Amino acid sequence: MRPHQLQSLVEDEDDDYTETGSLAGDRIVDARLGARDVFTEPGKPGEALNTAISLLIDSSGSMREAVPGTPNSIATYCASATWAIGSVLNSFAPFGLSFSIASFNTNLMVLKEWKTPWKKGGCLENYWTTGLTSTRPALIGRLKDLVQRKEARKILFLITDGDIGDLSDVVKSAESAGVEVVIMMIGTKICPHDTSYLKNFTKVNPTNLPSEMLKAVIKMF
């Protein structure tokens with residue numbers, strides 16, 4: 001699926017439908033096409049998902065690198081994918097799903113706070129690529145924020161093109177606190193560190209990032 005196709009799929013629309021229940025993950029896309037049988041079991045309003053998702057995306061200088069065979073940079077595909085997935089997540093806000101978005105390089109920048117309304121074009125006007133890839137402190141910073149959430153289920157979604165280093169202690173602490181960690185590595189670079197401790201680790205081609213992110217979100221449910 002091309003980036004513009006995914007964006008078209010999740011265009012903002014007025015929708016006052018508030019039925020709740022246990023969400024069937026494989027019906028997420030169907031819901032955006034108008035289907036209403038997205039629940040497997042009935043539930044109470046606001047209790048369908050009861051999930052908080054923290055999306056953390058790489059904005060280091062290396063993301064400016066051109067993707068071979070395309071006129072775009074890695075950051076272009078990452079921004080497109082983030083906008084599309086943000087729109088998907090926003091469409092399920094009435095069903096008890098909350099989300100935030102942050103980018104990281106040498107520093108950490110919150111692009112969308114939990115309570116900030118999602119808007120046309122997302123929150124990517126402040127997404128700039130520069131600096132180094134300081135994954136560990138960024139991950140710890142967002143985990144500290146996420147564990148404070150009251151939702152029953154908490155997921156941290158990390159997207160980067162750099163070497164993540166050894167995050168085993170951080171991931172272990174996160175899991176002990178009830179946080180699921182999903183890491184998606186962009187490109188074909190070989191990660192020199194062991195990643196076998198990661199329950200959800202995927203390497204993707206930049207051009208496939210939008211569709212692969214959507215698959216990952218669906219898999220969560």
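Every value quoted in this text rests on a predicted model; they were computed, and no experiment measured them.
- In the hydrophobic clustering of ILVMFWY residues, with side-chain heavy atoms under 4.5 Å counting as a link, Phe201 and Val170 come out together.
- We find that Lys172 and Glu175 are not joined by a salt bridge, their nearest charged nitrogen and carboxylate oxygen being 4.0 Å or further apart.
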side-chain hydrogen bond (donor to acceptor under 3.5 Å, both in side chains) between Ser98 and Glu151, intermediate numbers included: CA-CA 8 Å; Ser98 300; Glu151 287 84 354; 3.2 Å; yes

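- In this structure the side chain of Pro210 never reaches within 4.5 angstrom of the side chain of Trp83, judged on heavy atoms.
- Side-chain atoms of Ser100 and Arg142 include a donor-acceptor pair closer than 3.5 Å.
- Note that OG of Ser173 is 11.0 Å distant from NZ of Lys144, once rounded to the nearest 0.5 Å.
- The cluster map of Ile, Leu, Val, Met, Phe, Trp and Tyr, joined by side-chain heavy atoms under 4.5 Å apart, puts Ile140 and Val147 in the same cluster.
- When only modelled atom types and interatomic distance are considered, Trp128 and Asn105 share no side-chain donor-acceptor pair under 3.5 Å.
- Residues Ser54 and Trp114 approach most closely at N-CH2, 4.0 Å, considering heavy atoms.
- Linking ILVMFWY side-chain heavy atoms closer than 4.5 Å, directly or via other members, places Trp118 and Met109 in a single hydrophobic cluster.
- Ion pairing of Glu180 with Arg153 is present here, as a side-chain N (NZ or NE/NH1/NH2) and a carboxylate O approach within less than 4.0 Å.
- Counting heavy atoms from C-beta outward, Val67 and Thr207 have side chains that approach closer than 4.5 Å.
- Counting all heavy atoms, side chain and backbone alike, Leu209 lies closest to Ala81 at CG-CB, 3.9 Å.
- Minimum interatomic distance between Lys154 and Arg149 (heavy atoms only, all atoms of both residues): CE-O, 3.0 Å.
- The two atoms that bring Asp166 and Arg136 nearest to each other are O-NH1, 3.2 Å, heavy atoms only.
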Take Asn208 and Tyr77 through the test side chain to side chain contact (heavy atoms under 4.5 Å, CB included) and record every step on the way to the result. CA-CA 8 Å; Asn208 295 333; Tyr77 288 105; over 6 Å; no

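- One distance of note links OG1 of Thr160 with CG of Leu158; it measures 6.0 Å at 0.5 Å rounding.
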Does the side chain to side chain contact (heavy atoms under 4.5 Å, CB included) test come out yes or no for Thr51 and Ile53, once each step is laid out? CA-CA 7 Å; Thr51 298; Ile53 297 178; 4.0 Å; yes

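- In this structure, CG in Leu55 is found 8.5 Å from CZ in Phe99, a value given to the nearest 0.5 Å.
- We find the OG-CD1 distance between Ser59 and Ile159 to be 12.0 Å, quoted to the nearest 0.5 Å.
- Shortest non-hydrogen contact noted between Ser60 and Leu132 is CB-O, 3.5 Å.
- The structure places OG of Ser103 at 9.0 Å from CG of Leu124, a figure rounded to the nearest 0.5 Å.
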Check the pair Thr133, Ser62 against side chain to side chain contact (heavy atoms under 4.5 Å, CB included), reporting the backbone distance first and the verdict last. CA-CA 8 Å; Thr133 311; Ser62 62; 4.3 Å; yes

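- Salt bridge status for Arg64 with Asp161: absent, with no side-chain N to carboxylate O gap under 4.0 Å.
- Between Ile57 and Leu111, some side-chain heavy-atom pair lies under the 4.5 Å cut-off.
- Counting heavy atoms from C-beta outward, Met63 and Cys78 have side chains that approach closer than 4.5 Å.
- Residue Ile164 forms a side chain to side chain contact (heavy atoms under 4.5 Å, CB included) with just one option from Ile183, Asp58, Val171, and that option is Ile183.
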What's the verdict on side chain to side chain contact (heavy atoms under 4.5 Å, CB included) for Thr202 and Met185, showing C-alpha distance, side-chain angles and the deciding distance? CA-CA 6 Å; Thr202 307; Met185 189 171 179; over 6 Å; no

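- When atom types are taken as modelled, the side chain of Ser80 and the backbone of Thr76 share no donor-acceptor pair closer than 3.5 angstrom.
- The minimum heavy-atom distance between Phe104 and Leu108, with the atom names listed, is CB-CD1, 4.1 Å.
- The structure places NZ of Lys112 at 9.0 Å from CG of Leu89, a figure rounded to the nearest 0.5 Å.
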